[in-house]
Amino acid sequence: DAGVIQSPRHEVTEMGQEVTLRCKPISGHDYLFWYRQTMMRGLELLIYFNNNVPIDDSGMPEDRFSAKMPNASFSTLKIQPSEPRDSAVYFCASSLIREGLPTGELFFGEGSRLTVL
Amino acid sequence: AQKVTQAQTEISVVEKEDVTLDCVYETRDTTYYLFWYKQPPSGELVFLIRRNSFDEQNEISGRYSWNFQKSTSSFNFTITASQVVDSAVYFCALDPNGANNLFFGTGTRLTVIP
């Protein structure tokens, strides 16, 4: 089975440009998460969706960040305008509900490494 | 407040040595879940284990074992007879109320030297 698929794997852009990161979760998974990983702050949850509905976006740094999940098989994380401090690895993850409860077992993609110059 | 502390930033061991990675957590929830994830050099995080707060029984899976002690709010991870392939960053995480919102520690980088 295919795992969580993220694109692009690497993105280098200039400050002020729009960045769109994409994620295809594992088919049948009910939850989708966007995390950001930096050396300084570690792994931070940005936002997560349950059945395509955003549940908690309190981790989104500011209005420059937005995330959508138009259907069960696709999500985007957009940064507009990008800034150098947004440089990080952005992970998408998905997980299941089992016996009516979230499992907490997250399946991560390989990440999108973003560099903003 | 929810917090996960992994005090060991980096550990190096020689192959075949045993190594224990420490994890201390803080939460006010009575029902919570603890996790360990492995991040190999390829970058993606891989789930290793999930424990709920009502189950303090230690678990062993091959060379991996986990020691959960509520009294000390710790959930330590031991690798027995370490191998080079164990080299990775290991993250401990807390889901404070089963809502699938994981708080990760800062990770411990383990290097196993051949």
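Every chain is numbered from 1, with letters handed out A, B, ... down the list of sequences.
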> When you look at CD of B/Gln57, are more than 12 heavy atoms from neighbouring residues, nucleotides or ligands closer to it than 6.0 Å?
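No.
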> Can you tell me which of B/Asn101, B/Thr106, B/Leu48, B/Ile49 forms the most heavy-atom pairs within a distance under 4.5 Å of chain A?
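Most heavy-atom pairs under 4.5 Å with chain A: B/Asn101.
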> Checking A/Leu106 against chain B: side chain, backbone, both or neither under 4.5 Å from a heavy atom?
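When you check distances to chain B, atoms from both the backbone and side chain of A/Leu106 fall under 4.5 Å.
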> In terms of heavy-atom contacts, does NZ of A/Lys68 have more than 12 from other residues, nucleotides or ligands at under 6.0 Å?
no
> Between A/Phe107 and B/Leu45, is any pair of side-chain heavy atoms under 4.5 Å apart?
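SC-SC contact between A/Phe107 and B/Leu45 ruled out.
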> Would you find more than 12 non-hydrogen atoms of other residues, nucleotides or ligands less than 6.0 Å from A/Arg113 atom CZ?
no
> Picking from A/Met39, A/Gln37, A/Arg41, which has the most non-hydrogen pairs under 4.5 angstrom with chain B?
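Ranked by contacts with chain B, first place is A/Gln37.
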> Answer whether the closest heavy-atom distance between the side chains of A/Leu43 and B/Phe103 falls below 4.5 Å.
no
> Do other residues, nucleotides or ligands put more than 12 heavy atoms under 6.0 Å from the CG atom of A/Asn71?
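Yes.
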> What's the spacing between B/Arg50 CZ and A/Glu105 CD if we round to 0.5 Å?
9.0 Å
> For A/Glu14, does the CD atom sit with more than 12 other heavy atoms under 6.0 Å from it, leaving out its own atoms?
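Open: at most 12 neighbouring heavy atoms sit under 6.0 Å from CD of A/Glu14.
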> Within a reach of under 6.0 Å around CZ of B/Arg109, are more than 12 heavy atoms found that belong to other residues, nucleotides or ligands?
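No, the 6.0 Å shell around CZ holds no more than 12 heavy atoms from other groups.
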> Do A/Phe108 and B/Phe47 have ring centroids that are under 6.0 Å from one another?
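Distance test on ring centres: not under 6.0 Å, no.
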